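Not measured: the values here are computed from a predicted model. The basis for the numbers below is simple: all heavy atoms, side chains too, and nothing from hydrogens, waters or symmetry mates.
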Amino acid sequence: AIVSAIFVGATLFSLLGMRERKEFSVVDKPLPFIASFKAALTNKSWITYVGANLMTACLTDWISAISFFFVTISLGMEVGALSIMMGVMMLATLIFFLIWRKICLRYGTKVTLAASMTTFTAGIMLALVVNGVLGTAIVGGIAGITIGGLTLSRAMMWADVMDEDEIKTG
């Protein structure tokens with residue numbers, strides 16, 4: 001409950017700094033359905049985003065779905081070890097989000113996505129040799145480090161897609 005309250009507070013606090021410029025709040029006439037459908041299918045950035053978003057969503061959903069079975073059945077540990085793994089994962093995500101932000105600003109969205117995906121894959125390979133609570137926490141930490149990069153990359157890619165769409169379609 002405390003962690004949930006922290007996340008809700010952080011989300012509400014972040015909304016205080018968001019302002020929409022007046023020139024972008026004017027509602028334009030939308031494109032007709034067929035024209036917007038064609039624009040979406042020919043927008044290379046949008047198709048790239050959809051592929052990358054699907055890939056990263058599958059990875060993060062996979063962690064949530066498989067982690068219980070990984071800890072309890074594969075490792076033969078109690079459910080409490082899962083709490084440790086997920087807690088370390090969440091903490092690492094929060095801490096390394098700032099580092100991924102600096103990487104994204106310096107090297108761009110694509111490099112950030114590629115680096116976080118590579119790190120994720122390398123980190124998950126450690127799950128093959130884990131045996132114990134410490135190893136489970138390390139795997140959770142590495143997964144958390146990469147989830148920060150994946151989350152940031154997805155958000156930044158979406159902003160890039162919106163900018164390109166605004167330039168192309170008006």
Side-chain (Ser14) to main-chain (Thr11) donor-acceptor, under 3.5 angstrom: yes

Donor-acceptor pairs under 3.5 Å, side chain of residues 124-133 to any protein atom, not counting sequence neighbours: which ones?
none

Kindly give the cluster partners of [X], where membership spreads through any ILVMFWY side chain lying under 4.5 Å from a current member.
X: Ile2; answer: Ile6
X: Leu16; answer: Phe13
X: Leu54; answer: none

Going by atom type alone, with no hydrogens or angles, which donor-acceptor pairs under 3.5 Å involve a side-chain atom of residues 94-102 and a protein atom two or more places apart or on another chain?
{"residue": "Trp100", "atom": "NE1", "partner": "Ile145", "partner atom": "O", "Å": "2.5"}

Do Ile147 and Ile66 share a hydrophobic cluster (ILVMFWY, side-chain heavy atoms under 4.5 Å, transitive)? yes

Side chains of residues 73-89: which donor-acceptor partners sit under 3.5 Å, not counting sequence neighbours?
none

N/O donor-acceptor pairs under 3.5 Å from side chains in residues 112-120, not counting sequence neighbours:
{"residue": "Thr112", "atom": "OG1", "partner": "Cys104", "partner atom": "N", "Å": "3.4"}
{"residue": "Thr112", "atom": "OG1", "partner": "Gly108", "partner atom": "O", "Å": "2.8"}
{"residue": "Ser116", "atom": "OG", "partner": "Thr112", "partner atom": "O", "Å": "3.0"}
{"residue": "Ser116", "atom": "OG", "partner": "Leu113", "partner atom": "O", "Å": "3.0"}
{"residue": "Thr118", "atom": "OG1", "partner": "Ala114", "partner atom": "O", "Å": "2.8"}
{"residue": "Thr119", "atom": "OG1", "partner": "Ala115", "partner atom": "O", "Å": "2.7"}

Can you run down the ring pair (Phe, Tyr, Trp, His ring centres under 6.0 Å) pairs that involve residues 47-66, sequence neighbours left out, and say none if there aren't any? Tyr49-Trp158

Just how far is it from atom [atom1] of [X] to atom [atom2] of [Y], taken to the nearest 0.5 Å?
X: Ile103; Y: Leu152; atom1: CD1; atom2: CG; answer: 9.5 Å
X: Asn53; Y: Met55; atom1: CG; atom2: CE; answer: 9.5 Å
X: Thr93; Y: Met90; atom1: OG1; atom2: CE; answer: 6.0 Å

What pairs with Thr109 under side chain to side chain donor-acceptor pair (under 3.5 Å), at least two apart in sequence or on another chain? Asp160

